[in-house]
Amino acid sequence: FSRYLSNPKAYEGFDFSLFYHSALLIYGVGYLFPIAFSIVMKSLGSAISFAEVISIYGYSFIIFIPGVILACFPASWFQWLVILYAGGSSTYFLLITYKQALSEQFENKQYLALLLVLIVQVSLIFLFKLKFLHSFVDEAQAELQ
């Protein structure tokens, strides 16, 4: 949609390979990371269940819904702003929620788990922007010149 908005005359159709990549990203981050994170939590001695981990992580993705809608506008600076805000809000929510849950049980190892969450979230933000949104703006700007 962003490609069409940026240059309707040069729109060639949808790249369906993006469905494959986005499905891998969503299922990987949405399911595989909570499974791995709950295993790490169990090995550290936490009482956080898998259902709690997947619920909290899934709830943190809600902010990406308006973010993706707003990122359809073909201005690169605006896309960066929207994605950074959505990713930052999601990361902040996860860190605050897990910090409260982990500080009740153990203090020394909680920062290892929080660092893991931070690394995955920052990777998700940049992967999302660079994989799914960069080509639309770059191609539109190249065609206009």
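In this structure, I63 and Y92 have side chains that are not in contact, with every pair of non-hydrogen atoms separated by 4.5 Å or more.
Cluster annotation: Y31 is connected to I39 through the hydrophobic network of ILVMFWY side chains, with a link wherever side-chain heavy atoms come within less than 4.5 Å. The cluster map of Ile, Leu, Val, Met, Phe, Trp and Tyr, joined by side-chain heavy atoms under 4.5 Å apart, puts I69 and L84 in different clusters. Put simply, W77 and V82 are part of the same group of oily side chains (I, L, V, M, F, W, Y) that touch within less than 4.5 Å, one to the next. Hydrophobic clustering of Ile, Leu, Val, Met, Phe, Trp and Tyr side chains at less than 4.5 Å, counting indirect connections, unites Y85 with L127. At a threshold of 4.5 Å between side-chain heavy atoms, the hydrophobic network of Ile, Leu, Val, Met, Phe, Trp and Tyr places I96 and I62 in two separate groups.
With rounding to the nearest 0.5 Å, the separation of CE in M41 from CG in L116 is 7.5 Å. Here CG of L81 is found 11.0 Å from OG of S76. Values are rounded to the nearest 0.5 Å.
Between F93 and the options Y59, F61, Y98, a side chain to side chain contact (heavy atoms under 4.5 Å, CB included) holds for only Y59.
Taking all atoms of both residues into account, the shortest heavy-atom contact from S38 to F50 is OG-CD1, 3.5 Å. The two residues F33 and V120 come nearest to each other via the heavy atoms CE1-CG2, 3.3 Å. Contact between G88 and I125 at its shortest, heavy atoms only, is N-CD1, 4.1 Å. Here the closest heavy-atom approach between residue S55 and residue A51 is recorded as OG-O, 2.7 Å. Across L114 and L95, no two heavy atoms sit closer than the pair O-CD2, 3.5 Å. Scanning all heavy atoms of the two residues, the minimum distance from S90 to S60 falls at OG-O, 3.1 Å.
For S43 (side chain) and V40 (main-chain N/O), a donor-acceptor pair under 3.5 Å exists by modelled atom type. Side chain of S123 to main chain of I119: a donor-acceptor pair is present (N/O by atom type, distance under 3.5 Å, no hydrogens or angles). Between the T91 side chain and the L118 main chain, no donor and acceptor come within less than 3.5 Å of each other.
A donor-acceptor pair shorter than 3.5 Å can be found between the side chains of Q121 and Y57.
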